[in-house]
Q: 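Could you have a look at this structure, given as structure tokens, before my questions?
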Amino acid sequence: MKILRSHYSLDVSSKEFEKNIFISGWVEDIRNIGSIAFIILRDKKGTLQVTALKKKNPELFEKIVSIPRESVISVNGICKKSDKARNGYEIIPDDFKILSKAETPLPLGVVDKVESELDTRLDNRFIDLRKQNIQAIFKIRNEVIASVHDYLKKKDFIEIHTPNIIASSSEGGTDVFKIKYFEKDAFLAQSPQLYKQMMMATGLDRVYEIAWYFRAEDHNTRRHLNESTAVDLEMAFISGEEDIMKILEGLVHSMWMKASECKEEIEILEKKVIVPKLPFKRISYDEAIDILNKNGLELSWGDDFGTEEEKKFGEIMKKKGSEFYFITKYPLEAKPFYTMPEGEKLSRSFDLGCKGVELASGSQRIHDVELLKERIKICGLNPKNFDAYLKTFRYGMPPHGGFGFGIERFLMELLDIKNIRECILFPRDRTRLIP
RNA sequence: GCCCCGGUAGUGUAGUGGCCUAUCAUCCGAGCCUGUCGAGCUCGGGACUCGGGUUCAAAUCCCGGCUGGGGCGCCA
């Protein structure tokens, strides 16, 4: 099999000067000066210049300058050293072939001098992704997820895959999508929570999943998606939630570190990525309430933090030099049924915050089946609906805990992206189902 | 789910009852130009979200649908 190129744009070196090379890509721009024309060709790695001279081959010249922008072509030609051209070389074409002609006008310009709205860009995401700054986000995303696998493998975790189609109506806390499953009703999983806990009864001890979350919530904001991804992790034989926070902060640190190594992409995005220092500050819910009240807010014990409180708290922590912080020991009432209580009112739980945004939340879980049943009832759910889940607690279930960590939220904070839709290829929000 | 604000060429915009045969840029097409890299210049092309209503007259005012943006609630 022969690939339709001998070189990528940026792989051409002085070794190729005066030699014939074969290149392929998208026609980004054509600047026709009259007797000479410059065709900017884009491939995976960058752009290069094809320089056509009318005098040399009038027929080829006419044909090549009339190719619509964004068509895919391949070009055969001599590579010439040129100080005037980008990359220090240019291709003088001997012949070329249109592999796929682009229609005009384009629904979205790749190098046009006008901005486009996010909505238009998402409608034409395949073209949007031809821009190197948009690609950069997903290249960084890839690296960050690679570091999740690397880090957790080192910590002796295995990656698992649990069902997205589930029978149990809800673990509470959020609306789920109802679907038809042959003769039964089924639901899309809001998270792998119950399944990853069930894995704790197997002896695998440490598991994680790059999970899809499906949430049927009617919100429409720039930080919510109805389909999102997360790093979901669970580990057994813990002595408390601190064991989990250690893994989480180490994970976040390694993801941030890996992202900071994507120098080229960070430069394209014109961002700064500063790796946070470990350990992250631990602040109990009680202390957080105190801090907020001392800073002019009026909160009673048991109140949830709203957006205003979260922002304010993020600011205060930043001033103290902690961009990342854990808020621990939330009121039991504010947490889902599987959360381990601590005393009467508190829970062995934590949220990871960053500049006022909640990135992750986790806890030690209940491993005693009777307590778990009781908590399910108190939370207004029916233990009958959780039989398969509860069964795994009856034949040897070690103490365990874990967290869920939203990947798109993480990218927003990492790259200072204002709309979460930028962080996922094809976002699903309240109204968008296509593409 | 609640509140606020929008929808004008392919893209992004100007236009608040008659001056709109709708502005500008980008884009597309034709032409000129031998070193462009946001190329330049000349000429041409292309639009008022949909359905009702008010009015002598609606892009402009009113009602509804669809749809976009922001905020809140909830959450990741």
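Model, not experiment: these values are computed from the prediction. Just so it is clear: chains get the letters A, B, ... in the order the sequence lines come, proteins before strands, and each one is counted from 1.
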Q: For A:F305 and B:rC72, give me the distance from atom CZ to atom P, rounded to whole Å.
A: 17 Å
Q: Output yes when a side-chain donor or acceptor of A:K101 lies under 3.5 Å from a complementary backbone atom of A:I98, and no otherwise.
A: no
Q: Is a side-chain donor-acceptor pair under 3.5 Å present for A:Y208 with A:H149?
A: yes
Q: Could you state the CG-C1' distance from A:D303 to B:rC74, rounded to the nearest angstrom?
A: 15 Å
Q: Give a yes/no verdict on a cation-pi contact between A:K335 and A:Y330, requiring under 6.0 Å between NZ or CZ and the six-membered ring centre and an angle within 45° of the axis.
A: yes
Q: Expressed as a whole number of Å, how far does the C1' atom of B:rU8 sit from that of B:rC48?
A: 4 Å
Q: What is the base-pairing partner of B:rC41, counting Watson-Crick and G-U wobble geometry with both distances under 3.5 Å?
A: B:rG31
Q: Does a side-chain N or O of A:N87 approach OP1 or OP2 of B:rC37 to a distance below 4.0 Å, or not?
A: no
Q: In terms of side-chain heavy atoms of A:D112, which of B:rG10, B:rG68, B:rG35 is nearest?
A: B:rG10
Q: Report yes if at least one side-chain N or O of A:R86 is closer than 4.0 Å to OP1 or OP2 of B:rC37; otherwise report no.
A: no
Q: Return yes if the base of B:rA76 and the side-chain atoms of A:R215 contain a donor-acceptor N/O pair under 3.5 Å, otherwise no.
A: yes
Q: Please determine if a side-chain N or O atom of A:T104 lies less than 4.0 Å away from the OP1 or OP2 oxygen of B:rC27.
A: no
Q: Looking only at the side chain of A:H224 (C-beta and beyond, no hydrogens), which of the listed nucleotides B:rU11, B:rG35, B:rG73 gets closest?
A: B:rG73
Q: Would you indicate which nucleotide in B:rA76, B:rC74, B:rC37 comes nearest to any side-chain atom of A:R223?
A: B:rC74
Q: State which of B:rC75, B:rG10, B:rG71 makes the closest approach to the side chain of A:P105.
A: B:rG10
Q: Report yes if a side-chain nitrogen or oxygen of A:T120 is closer than 4.0 Å to either non-bridging phosphate oxygen (OP1 or OP2) of B:rG12; otherwise report no.
A: yes
Q: Is a donor-acceptor contact shorter than 3.5 angstrom present between the side chain of A:K55 and the base of B:rU34?
A: yes
Q: For B:rG73, does either OP1 or OP2 sit under 4.0 Å from a side-chain N or O belonging to A:T307?
A: yes
Q: Hey, is the side chain of A:Q49 pairing donor to acceptor with the base of B:rU36 inside 3.5 Å?
A: yes
Q: Quote, to the nearest angstrom, the P distance that separates B:rG17 from B:rC61.
A: 8 Å
Q: Check every strand shown and say whether A:E28 touches a base, only sugar-phosphate, or nothing at a heavy-atom separation below 4.0 Å.
A: nothing
Q: For the side chain of A:V114, starting at C-beta, report the closest nucleotide among B:rG35, B:rA25, B:rA76.
A: B:rA25
